[in-house]
Amino acid sequence: MNDFAPKVGKAGTRGKKVILEENKATLDFYQKWVVVSSFIHLVTLCIFMSSFSWWQIVHLAFFSGVNFASLVFMKYIAKPTYLDCTLLDSGADLNMASSIGDNMKDVIIVTSFVQVLSCSISHYFALLWLVIPGRAFWMFWVSFLCPYLTSGSDKMQGDGNLSKKQKKQKTRYVTR
């Protein structure tokens with residue numbers, strides 16, 4: 001029954017070898033995902049479409065290219081570093097929450113679903129892919145642009161940064 005209770009305390013760190021093995025499994029899974037979604041798109045075009053239009057070929061090339069580029073980027077950031085057959089660095093952890101690897105996995109998932117839906121049901125499903133640039137802009141806005149634009153200068157903040165002792169000294173100096 002205690003298996004479902006929330007864990008209390010600090011989460012333990014994982015070793016380099018564990019991260020390396022998890023990264024290999026993750027990359028293998030998403031590589032299969034990319035190949036299968038591109039294969040489904042190509043087979044659907046060949047079987048169900050009597051003639052290809054240039055728009056369908058652009059869809060295939062774009063979605064396959066985005067998936068492939070995301071996968072190559074994930075492989076690049078998860079590349080381990082060895083020195084004399086000793087693991088120095090396991091690369092970035094692809095399974096860490098809210099990391100760039102996690103965002104790339106989301107790009108692959110959304111692109112694959114949009115690719116299969118746009119080739120099998122309707123080409124208008126390709127517009128769903130605009131979620132990805134929207135999410136990227138939202139992340140940029142929340143983490144960088146909005147804090148930069150809304151932060152005031154030190155003069156505008158006034159007494160907000162003063163400690164209690166400094167405030168007391170300031171009031172004594174002003175009252176004299």
Side-chain angles (χ1 to χ4, degrees), residues 1-46 57-119 125-126 128-154 161 163:
M1 195 69 178
N2 289 336
D3 294 337
F4 298 109
K7 305 274 188 218
V8 179
K10 187 176 177 182
T13 58
R14 298 178 332 183
K16 295 177 188 175
K17 290 183 181 180
V18 173
I19 292 173
L20 180 66
E21 293 302 317
E22 288 179 356
N23 282 351
K24 284 182 182 179
T26 301
L27 287 171
D28 186 47
F29 174 77
Y30 282 99
Q31 185 173 8
K32 290 175 185 173
W33 191 308
V34 166
V35 168
V36 166
S37 66
S38 295
F39 182 73
I40 288 172
H41 194 159
L42 189 62
V43 167
T44 304
L45 284 179
C46 290
I57 295 171
V58 167
H59 274 179
L60 176 64
F62 176 74
F63 291 134
S64 297
V66 167
N67 273 338
F68 181 72
S70 299
L71 190 65
V72 167
F73 182 72
M74 283 175 59
K75 285 182 180 181
Y76 175 74
I77 64 173
K79 188 176 180 182
T81 306
Y82 293 98
L83 179 66
D84 298 329
C85 298
T86 305
L87 182 63
L88 288 179
D89 183 32
S90 60
D93 188 3
L94 297 177
N95 296 317
M96 186 170 55
S98 299
S99 67
I100 190 71
D102 195 35
N103 291 327
M104 287 295 110
K105 291 190 296 187
D106 292 342
V107 167
I108 289 175
I109 290 169
V110 170
T111 304
S112 297
F113 278 128
V114 168
Q115 182 177 13
V116 170
L117 288 174
S118 70
C119 74
F125 278 107
L128 284 176
W129 194 83
L130 293 176
V131 166
I132 293 175
R135 169 98 169 121
F137 177 74
W138 176 256
M139 288 171 48
F140 177 71
W141 177 264
V142 168
S143 63
F144 177 73
L145 204 54
C146 185
Y148 177 74
L149 294 176
T150 58
S151 68
S153 66
D154 291 338
N161 293 336
S163 67

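What you see below is based on every heavy atom in this structure, not just the backbone, and it leaves out hydrogens, waters and symmetry mates. Only a predicted model underlies this, so the values are computations on that prediction, with no experimental measurement involved. Numbering of residues begins at 1 and proceeds along the displayed sequence.
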Interatomic spacing from [atom1] in [X] to [atom2] in [Y] - rounded to 0.5 Å:
X	Y	atom1	atom2	answer
T111	I132	OG1	CD1	3.5 Å
D102	M104	CG	CE	10.0 Å
F68	Q31	CZ	CD	9.0 Å
I108	F73	CD1	CZ	11.0 Å

Subject >> Pairing residues for H41 by the ring pair (Phe, Tyr, Trp, His ring centres under 6.0 Å) criterion, not counting sequence neighbours >> reply: none

Subject >> Residues which pass ring pair (Phe, Tyr, Trp, His ring centres under 6.0 Å) with F62, listed by chain and number, not counting sequence neighbours >> reply: W129

Which atom pairs, donor and acceptor, lie under 3.5 Å between side-chain atoms of residues 76-83 and protein residues at least two apart or in another chain?
none

Under the rule for side-chain contact (heavy atoms from CB on, under 4.5 Å), what residues qualify as partners of [X], not counting sequence neighbours?
X	answer
V43	F39, I47
T26	Y30, M74, L94, N95, K105
F137	W141
F113	W33, I109

Original post:
Under the side-chain hydrogen bond (donor to acceptor under 3.5 Å, both in side chains) test, which residues partner S64, sequence neighbours left out?
Top reply: S38, Q115

Subject >> Least distance between heavy atoms, C119 atom then I40 atom >> reply: SG-O, 4.4 Å

Original post:
Which pair of heavy atoms, one from N67 and one from S37, lies closest together, and at what distance?
Top reply: ND2-OG, 3.6 Å

Subject >> With sequence neighbours excluded, residues passing salt bridge (Lys or Arg N to Asp or Glu O under 4.0 Å) with D28 >> reply: K32

